[in-house]
Amino acid sequence: MNQLQRILSARRLSHPIISPLRFLHRRLFSISDADASSASFSSSHHKIQTPEVKASNKSRSTSSLKEHELAKFSAIADTWWHSEGPFKPLHLMNPTRLAFIRSTLCRHFSKDPSSARPFEGLRLIDVGCGGGLLSEPLARMGATVTGIDAVDKNVKIARLHADMDPVTSTIEYHCTTAEKLVDEGQTFDAVLALEVIEHVANPAEFCKSLSALTVPNGATLLSTINRSMRAYASAIVAAEYILRWLPKGTHQWSSFLTPEELTMILQRASVDVKEMAGFVYNPITGRWLLSDDISVNFIAYGTKRNDLGDI
Amino acid sequence: MNRVLARRLKTNVCGAKILRRTCSTVVTDNESNAKRNSTDDGPQHDIAIVGGGMVGIALAASLASKPLTKHLNVAIIDNNPLLGSKNIIEKGHPPDARVSTVTPATISFLKDIGAWKYIEEQRHAYFDKMQVWDYTGLGYTRYNANDAHQDVLGCVVENKVLQSSQLSCVQESDLQKIVYPARLNSMDMLPSSSLTGLGEVPSTTELFMRGRLAKLELSDGNNVYAKLVVGADGSKSRVRELAGIKTTGWNYSQNAIICTVEHTVENYTAWQRFLPNGPIALLPIGDKFSNIVWTMDPKEASDRKLMSEDDFIKAVNDALDNGYGPHPETTSSWEGLSWLTGHVTISTKERFETPPKVVKLSSERMMFPLSLRHAKDYVSKRVALIGDSAHTVHPLAGQGVNLGFADACALSKAIAEGVALGTDIGEANLLKRYEAERKPANIAMMAVLDGIQKMYAVDFGPLNALRAAAFHGAHYISPLKKRIISYASGDQSLPLFS
């Protein structure tokens, strides 16, 4: 643990005990802010996409990048994806999230769990895709993946990285929001929003958007952090004030949702929560495990009701 | 593709975008099927196994047997000409001197991958009894499979039978595999970088430049690319060397002589006697043949290798009978310790037996030096070591290859997990799961074997008595004995401390 702390303080890491996923956006910013001279894309967190970005295809957007900007993106992408780098805790947690997603979606869509590409033919959307840590494995499992993120920089990073492998280069990344896709009338077989809902202004509206993106009888998956004393202690007191891994005020404890509240707002949005699991970190093995303990980090899987009409 | 195209037409607003993505998808698919295009300088594989020996082929066979990994594209790099062809072993020939004692754990692994049925068609010898004793005449112990509630203690199989059986599995599977009959010259991999090259369809070279593939240069001038390179190339592993993985270990000042011998009767017991210079083992190999593994100091070994056949047979019979010291007595003077014995199993009452006499030498005598070597790491990015390339053990209990099979099993399991979760299979975090599973188990077994070797490397009165006491202890205290059998059979827990 000492060693971990040393590494953490040296690299200003997010701590594995609290969910590292939530820190992605901030982490990214602190990296680019550290080198503000070239931070020509230090856009605001909730930057709304410009029409230009939306209309541009990948080759256009890359060609419009200046050389040093490209280098910057690339460096951040490599940092993000370096499994021993600052996002190591996240890389460690990813298999655990994916195991839950794989098993629930295989069951939901009656797919063979022993197949190498069980999601073949399924259209999934990863809302808040970040650097694509979830989108890429889902694409390798055979899914047709769309990744969206409100932060243009994240989308660029995800694009750069996904193009490194022919299997993941089929992922479509867009800098947009769930609400905008609802307006465009898009739907998906399964909608995933991991570690996003605690950052949105109106969780109930967000859940309605996720539900609207899900086809009837489709699946919706969300993960977040509980509004429990344990979560408060680990995510806010420890991470922000004592260990200072995160800027103070990163998290607003009061905006966290309890599993009951999440279930309720999903219910109102026509999504019935079928299963919930917690993520528990074992500091000895350095592995995250799925467990019944949903007191800190948890993931929920629900199905969209088939009542056509308003959400 | 029409389906994809149709959907893209429906979902995309921007016309230019539709065209671009669809085209790239088409080309990508073609590339992944052909694994080669004009701009590349070598074929691309998921896994390159360097070394097509028993353990390397075991990995391929294990991958081929799992639904999650059977689609993988595997390269096997080995200049052994036998790999390409199907080698049928003629039954009339006397058994090869290179044999392995496979444990029940290995047998169940071989059954899982579908290789055991081929082995059963060829020569193999189960044994359900084992007798271990030493030259001082102070102690002996007989193990019986029944003591550990197992049918057999193990099975002796020629290495070439193990090899060809697993190869048959691989050949009959759907696994896409190519054998490159060459040696590995060099291995390169670059740190992960998304900066280099932004081609719409990354070529193999570009993927290599971005750190997504390892590049292997072969002795025949070809280049091969793979997401994961597995070093199954033995104790002098080139992969280990090229990956810069250090080893610790030492050479024992001992050589082993191995050969096949013939008896007048069939042998169903594994025999091992500790002599002043090292153990001699007589293992049944089927029909009236046995295999000899005789460990001794290098000078003695070269003498025994060169001596006439008749003299050698005489020396072997001597070493397995009255040479160096008397037979242990069946009714020992340790009755005073009966309070220690607890539940006495049937085999504790079994009398000491003399191994069957050797009448003929049926193969050449081969000699090899013994050493202990352990890689500090089993994995690094895009590299994993299995079998002797990760650990070379004293051949004392015939454990070496069993550890290798366990490695192959664990690595294929980790790869299957990686595929299930959509991970890049060369990812270090994934490979570390394999290391975490196998390293402690291998170290424990190495320590036990090294300890036994050291205990017998010294001829010192009190120590001899201690050894004898240990034998008696092991012979009479049945729970301990059961543990020893289970451990030697491939169970994971340590015999004493679990």
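All chains are named by letter (A, B, ...) in the order of the sequence lines, taking the proteins before the strands, and each is independently numbered beginning at 1.
Under 4.0 Å is where a charged nitrogen must lie from a carboxylate oxygen, and between A/R123 and A/D189 no such pair does. Comment: B/R382 does not engage B/D188 in a salt bridge, judged by the lack of any side-chain N to carboxylate O separation of less than 4.0 angstrom. Comment: B/D174 does not engage B/K70 in a salt bridge, judged by the lack of any side-chain N to carboxylate O separation of less than 4.0 angstrom.
Minimum heavy-atom separation, B/C169 to B/I113: SG-O, 3.6 Å.
Side chain of A/S169 to backbone of A/P166: a donor-acceptor contact under 3.5 angstrom is found.
Using modelled atom types and a 3.5 Å distance limit, the side chains of A/S209 and A/E179 yield a donor-acceptor pair.
Comparing A/G142, A/P137, A/G185 by how many heavy-atom pairs each has under 4.5 Å with chain B, the most go to A/P137. Between chain A and the options B/A416, B/G418, B/A420, heavy-atom pairs under 4.5 Å are most frequent for B/A420.
Proximity of A/R97 to A/W288: side-chain heavy atoms (C-beta onward) are nowhere separated by under 4.5 Å.
Close approach to chain B, defined as a heavy atom under 4.5 Å from one of its heavy atoms, is seen in A/P113, A/S114, A/S115, A/A116 of residues 110-118 of chain A, taken by number.
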